[in-house]
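All remarks here apply to the structure that follows.
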Amino acid sequence: MKSLKVGIASFANMKARTLAIARGQLKPSPGEPEVWFTSIESFAKVLSDRNRALLNLIVEEQPESLTELARISGRAKSNLSRTLHTLAGYRLVHLEKGSRGRLLLRVPYSRVVLETPIATRVGATSSLHPPRRQAGRCKGGWKPDP
């Protein structure tokens with residue numbers, strides 16, 4: 001059973017991590033998440049019941065094209081195309097060009113494992129409790145400190 005490990009991190013933390021990897025300052029360990037979401041809410045939207053049902057339909061029916069998937073799912077091709085490209089962006093589905101321009105759909109994982117801390121580290125920003133801004137005096141009046 002092949003699993004995709006996903007994690008939750010702020011956009012700023014994901015960007016800093018990606019840049020550190022690109023600079024060679026950080027080497028991801030084998031047990032780290034492969035895909036990152038900015039919040040549990042965004043993770044839940046991508047892996048909604050409807051999207052998981054679509055992934056299951058692809059696994060079970062193995063449609064030969066987007067047209068066939070639209071027919072068996074009862075969903076519009078344009079809607080499916082947007083959804084599939086979103087899922088592909090998170091590596092939940094592979095989209096490959098087949099013969100005659102057909103889109104081949106493959107689901108590479110049988111499960112998704114979410115790794116997220118319950119508490120954030122000291123100094124980390126939490127979406128539940130944004131950092132308090134402190135006011136400082138400046139030429140134009142009061143403004144938040146950076």
Nearest heavy-atom approach of R52 to L47 is NE-O, 3.2 Å
Scanning both residues in full, the closest heavy-atom pair of L80 with S73 reads CD1-OG, 3.7 Å
Side-chain donor-acceptor pair present, T83, R50, cut-off under 3.5 Å: no
d(E68 CD, Q62 CD) to nearest 0.5 Å is 10.0 Å
Note to self: Does T86 form a side-chain contact (heavy atoms from CB on, under 4.5 Å) with N51? I'd like the steps, not just the answer.
What the structure shows: CA-CA 10 Å; T86 297; N51 286 347; over 6 Å; no
message: With a 4.5 Å cut-off on side-chain heavy atoms, are L87 and V107 touching?
response: no
Rounding to 0.5 Å, atoms CG (L19) and CD (Q25) come to a distance of 9.0 Å
Tightest non-hydrogen contact, residues L104 and E64, listed as CD2-O, 3.7 Å
For L92 and L55, the nearest pair of non-hydrogen atoms, with its separation, is O-CD2, 3.7 Å
*asked:* Is any side-chain heavy atom of L103 closer than 4.5 Å to one of L69?
replied: no
Closest heavy-atom pair, V6 versus P33, reported as atoms and distance to 0.1 Å, is C-CB, 3.6 Å
Checking R111 side chain against S3 main chain: does a donor-acceptor pair fall under 3.5 Å?
-> no
Using a 3.5 Å distance criterion without hydrogens, assess whether the side chain of S81 forms a donor-acceptor pair with backbone atoms of K77.
no
Taking a hydrophobic cluster as the set of Ile, Leu, Val, Met, Phe, Trp and Tyr residues connected by side-chain heavy atoms closer than 4.5 Å, whether directly or through intermediates, do L26 and M14 fall within one such cluster?
no
Check your understanding: Can you tell if the side chain of L95 reaches within under 4.5 Å of the side chain of L105, non-hydrogen atoms only?
Key -> yes
Quick check: do R17 and P28 have side-chain heavy atoms less than 4.5 Å from each other?
yes
Applying the 4.5 Å side-chain criterion to the ILVMFWY set and letting contacts propagate, would V93 and V59 be lumped into a single cluster?
-> yes
Interatomic distance, NE2@H94 vs CD1@I58, rounded to 0.5 Å, equals 12.0 Å
One should read off an interatomic distance between R75 CZ and L57 CG, to the nearest 0.5 angstrom, of 9.5 Å
OG of S110 to CG of L4, rounded to nearest 0.5 Å, is 10.5 Å
message = Could you check whether any side-chain heavy atom of W36 comes within less than 4.5 Å of a side-chain heavy atom of N13, counting everything from C-beta outward?
response = no
Measure up the Y90 and F37 rings against each other and bin them: parallel (under 30°), tilted (30 to 60°), perpendicular (over 60°). parallel
Checklist entry - Charged N to carboxylate O under 4.0 angstrom, K5 versus E115? => result yes
| task | Using the side-chain contact (heavy atoms from CB on, under 4.5 Å) rule, take T116 and F43 through it: C-alpha gap first, then chi angles, then the decisive distance, then the call. | result | CA-CA 11 Å; T116 185; F43 171 76; over 6 Å; no
Tightest non-hydrogen contact, residues P108 and R91, listed as CG-O, 3.8 Å
